[in-house]
Enquirer: 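Below is the structure I would like to discuss, written out as structure tokens.
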Amino acid sequence: MTPELTELQYMSCAVALAEKGLFSTDPNPRVGCVMVKDGQIIGEGWHERAGEDHAEIMALSNCSEDPEGATCYVTLEPCSHHGKTSPCSDALIEAKVSQVVVAMTDPNPEVSGSGLSKLREAGISVETGLMEKEAQALNPGFIKRMQAGLPWVTCKLGMSIDARTAMASGESQWITCDQSRQDVQLLRARSSAIITGSSTVMIDNPSMNARQSSFPDGRYSTNEVVQPWRVIMDTHLRVDPKSKIFTLPGRVIWVTSEEVDESLNTEQLTMLQIAQDQTNKVDPLLVLKWLGEQGCNEVMIEAGATLSGAFLCADLVDHLVVYMAPKILGDNARGLLHMPLIEHLSDAKQFTLVDIRKTGVDVCLTYAKE
């Protein structure tokens, strides 16, 4: 028999289980659950993908003994409504658990607390808030989409010490090191969609997919990866439809301000017309609203100076992830961001440094919007 753990350790196990769904649960949140009885974990579960069992149902079905009288530790409030699956709160009531410990409540203001109320009305003891920040950190996009209708946006940038991204000729492969590029694969894999611009596609002919074989140090090697949508913002349809980005598995959203023939849309390709913004480019806010409506939780911007700058100018970036290589490229090299709408220091975009770490010879800096 294993030693009895503390409540914090049980919830830590649930958080670790939730992380197993890091790359596959969209549009649902990442949720983990453990069932504990007489000081022992008798069942574990996590939500693997939309349409399949939620974490609580999986944990109940995996129980090694009758869960009656058990305590359920779960990272998100058990659902109380019928969707593609039955309510988890009903399943816990039917299983006759005695207590439910929840890390975070449902971020949807229309349903938040209803699952907890149903459990309490059934006579089940309910506690909330244990490891709340850790559970929220796994689901920033789901939380933001439920509360604001928009996905969580990460802008990835790679630069030299002097904030240059390419030589004057356009040569840029590679400024950052292998380990940094492997690290980017994890950012891609957890994203619902990757947004890039027409210039990037025309110049670099990128794949913009998540390559699990390139994950650093074998991390998450067994976690299923659902390929993120590849979104091309192409105001005037300049991109060659034979580009590599169109040929790989997964869905491509080709966004333009030109008139499109929606009858040409397929399961893999969606032609989407979006109005222009004040700079006469595809409006980035409208693109994010559309992606939010489609159930995208996290979006990654992986583009050039102009498109990345447009999202920053519009205050649409929640996280900046900057890989800085130990190189100096000089005055003639291309700059990191093009942000013509910022003319005064008072208009500067303010971010807070939340993490710094080494990726090979590079440094990875993560900033959060204030």
Side-chain angles (χ1 to χ4, degrees), residues 152-217 219-220 228 230-233 243-245 248 284 298-314 316-339 342 349 351-369:
W152 176 268
V153 178
T154 295
C155 183
K156 188 277 295 183
L157 301 167
M159 68 177 193
S160 62
I161 292 173
D162 53 342
R164 304 293 172 172
T165 62
M167 305 309 296
S169 64
E171 179 190 359
S172 62
Q173 296 181 350
W174 297 102
I175 292 176
T176 55
C177 68
D178 288 344
Q179 290 90 333
S180 292
R181 296 196 299 278
Q182 290 170 3
D183 203 64
V184 170
Q185 296 301 319
L186 296 177
L187 292 177
R188 288 183 179 181
R190 69 173 292 160
S191 300
S192 312
I194 300 169
I195 297 178
T196 194
S198 55
S199 294
T200 297
V201 176
M202 294 167 65
I203 295 170
D204 296 337
N205 195 24
S207 300
M208 290 297 175
N209 60 347
R211 297 184 286 277
Q212 198 163 1
S213 60
S214 298
F215 283 4
D217 306 322
R219 278 182 286 166
Y220 305 105
R230 300 185 294 279
V231 181
I232 308 168
M233 290 179 62
S243 300
K244 187 190 302 182
I245 199 168
L248 301 170
E298 298 182 25
V299 166
M300 178 178 171
I301 311 300
E302 193 168 357
T306 299
L307 187 57
S308 297
F311 276 90
L312 282 160
C313 278
L316 296 173
V317 175
D318 300 290
H319 253 182
L320 273 175
V321 180
V322 183
Y323 295 90
M324 184 171 69
K327 297 180 175 75
I328 294 176
L329 305 187
D331 289 349
N332 290 331
R334 299 183 181 184
L336 182 66
L337 293 165
H338 179 60
M339 302 178 69
I342 297 181
K349 306 302 178 184
F351 285 79
T352 299
L353 180 66
V354 294
D355 185 56
I356 181 169
R357 57 190 173 87
K358 288 199 69 176
T359 52
V361 298
D362 299 340
V363 175
C364 180
L365 306 161
T366 301
Y367 297 87
K369 182 169 67 175

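Computed from a predicted structure; not experimentally measured. Excluded from the calculations below are hydrogen atoms, water molecules and symmetry mates; all remaining heavy atoms, backbone and side chain alike, are included.
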Enquirer: For side-chain contact (heavy atoms from CB on, under 4.5 Å), just list the numbers for Ile245 and Thr196, CA-CA rounded to whole Å, side-chain angles, deciding distance to a tenth of an Å, and then say yes or no.
Expert: CA-CA 11 Å; Ile245 199 168; Thr196 194; 4.3 Å; yes
Enquirer: Please confirm whether the backbone N or O of Leu248 pairs with a side-chain atom of Arg230, one donor and one acceptor, at under 3.5 Å?
Expert: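 Side chain of Arg230 to backbone of Leu248: a pair is present.
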Enquirer: What pairs of residues pass the salt bridge (Lys or Arg N to Asp or Glu O under 4.0 Å) test when at least one of them lies in residues 184-196, not counting sequence neighbours?
Expert: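 Sorted result for residues 184-196: Arg188-Glu302, Arg190-Glu298.
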Enquirer: Return the minimal non-hydrogen interatomic distance between Ser308 and Leu337, and the atom names on each side.
Expert: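 Nearest pair, atom of Ser308 first, then Leu337: CB-CD2, 3.6 Å.
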Enquirer: Can you name the residues that form a side-chain contact (heavy atoms from CB on, under 4.5 Å) with Cys313, not counting sequence neighbours?
Expert: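 side-chain contact (heavy atoms from CB on, under 4.5 Å) check on Cys313 returns Met339, Leu341, Ile342.
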Enquirer: Do any N or O atoms from the side chain of Asp355 and from the backbone of Thr366 form a donor-acceptor pair under 3.5 angstrom?
Expert: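 Not at all, since once roles are kept as given, no pair shorter than 3.5 Å links the two residues.
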Enquirer: When you look at Ile194 and Val231, which way does the side-chain contact (heavy atoms from CB on, under 4.5 Å) test go after all the steps?
Expert: CA-CA 6 Å; Ile194 300 169; Val231 181; over 6 Å; no
Enquirer: Quick one, Met300 with Ile195, criterion side-chain contact (heavy atoms from CB on, under 4.5 Å). Give me CA distance, side-chain angles, the key distance, then yes/no.
Expert: CA-CA 6 Å; Met300 178 178 171; Ile195 297 178; over 6 Å; no
Enquirer: What residues, two or more places apart in sequence or in another chain, satisfy side-chain contact (heavy atoms from CB on, under 4.5 Å) together with Ala189?
Expert: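 Scan of Ala189 (side-chain contact (heavy atoms from CB on, under 4.5 Å), adjacent residues dropped) gives Phe23, Ala210, Phe215, Val225.
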Enquirer: Side chains of Leu307 and His338, heavy atoms from C-beta outward: is any pair under 4.5 Å?
Expert: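 No. Closest side-chain heavy atoms not under 4.5 Å.
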Enquirer: What closest approach, in Å, do Gly197 and Ala303 show between heavy atoms, and which atom pair accounts for it?
Expert: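 So the two residues come closest at N-CB, 4.0 Å.
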Enquirer: Asp318 and Phe351: side-chain contact (heavy atoms from CB on, under 4.5 Å), yes or no, with the steps?
Expert: CA-CA 9 Å; Asp318 300 290; Phe351 285 79; over 6 Å; no
Enquirer: Are Thr154 and Val299 side-chain neighbours, meaning at least one heavy-atom pair lies under 4.5 Å?
Expert: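 They are not in side-chain contact.
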Enquirer: What distance do Leu187 atom CG and Lys156 atom NZ have between them, rounded to the nearest 0.5 Å?
Expert: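 One gets 8.5 Å once the value is rounded to the nearest 0.5 Å.
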Enquirer: Starting at SG of Cys177, measure out to NZ of Lys358 and round the result to the nearest 0.5 Å.
Expert: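 The distance works out to 9.0 Å.
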Enquirer: Kindly state each residue pair satisfying salt bridge (Lys or Arg N to Asp or Glu O under 4.0 Å) with at least one member in residues 157-168, sequence neighbours excluded.
Expert: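 Qualifying pairs, neighbours excluded: none.
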Enquirer: Could you pull out all residues at least two apart from Lys349 that satisfy salt bridge (Lys or Arg N to Asp or Glu O under 4.0 Å)?
Expert: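 With neighbours one apart ignored, the set is Asp315.
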Enquirer: Among residues at least two apart in sequence or on other chains, which ones pass side chain to side chain donor-acceptor pair (under 3.5 Å) with Ser192?
Expert: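 Applying side chain to side chain donor-acceptor pair (under 3.5 Å) to Ser192 gives Asp26.
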Enquirer: Could you report the tightest heavy-atom contact between Gly335 and Thr165, atom names first, then the distance?
Expert: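 It is O-OG1, 3.4 Å.
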Enquirer: List in chain and number order the residues that pass side chain to side chain donor-acceptor pair (under 3.5 Å) with Ser199, two or more places apart in sequence or in another chain; answer none if no residue qualifies.
Expert: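 For Ser199 the side chain to side chain donor-acceptor pair (under 3.5 Å) partners, ignoring immediate neighbours, are Arg238.
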Enquirer: Of all residues at least two apart in sequence or in a different chain, which pass the salt bridge (Lys or Arg N to Asp or Glu O under 4.0 Å) check with Asp178?
Expert: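 Once residues adjacent in sequence are excluded, the partners of Asp178 under the salt bridge (Lys or Arg N to Asp or Glu O under 4.0 Å) criterion are Arg181.
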Enquirer: Counting N and O atoms only, with roles assigned by atom type, does the side chain of Gln185 sit under 3.5 Å from a partner on the main chain of Arg211, one being a donor and the other an acceptor?
Expert: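 Yes.
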Enquirer: So, taking the atom named OG in Ser180 and the one named CG in Asp362, what distance separates them when rounded to the nearest 0.5 Å?
Expert: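 Ser180 atom OG to Asp362 atom CG measures 3.5 Å (nearest 0.5 Å).
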Enquirer: In the structure I gave you, are the side-chain heavy atoms of Leu353 and Leu365 within less than 4.5 Å of one another anywhere?
Expert: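 Of all side-chain heavy-atom pairs linking Leu365 with Leu353, at least one is under 4.5 Å.
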Enquirer: Please list all pairs meeting salt bridge (Lys or Arg N to Asp or Glu O under 4.0 Å) that have one or both residues in residues 303-314, counting only residues at least two apart or in different chains.
Expert: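 Of all non-adjacent pairs touching residues 303-314, none passes salt bridge (Lys or Arg N to Asp or Glu O under 4.0 Å).
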Enquirer: Considering residues at least two apart in sequence or located in another chain, which fulfil the side chain to side chain donor-acceptor pair (under 3.5 Å) criterion with Ser191?
Expert: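 Here no residue qualifies.
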Enquirer: For Thr200, give me all partners under side chain to side chain donor-acceptor pair (under 3.5 Å), at least two apart in sequence or on another chain.
Expert: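 Applying side chain to side chain donor-acceptor pair (under 3.5 Å) to Thr200 gives none.
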Enquirer: Considering only distance and modelled atom types, tabulate donor-acceptor pairs under 3.5 Å from the side chains of residues 319-329, sequence neighbours left out.
Expert:
residue	atom	partner	partner atom	Å
Tyr323	OH	Asp183	OD2	2.6
Lys327	NZ	Ile175	O	2.7

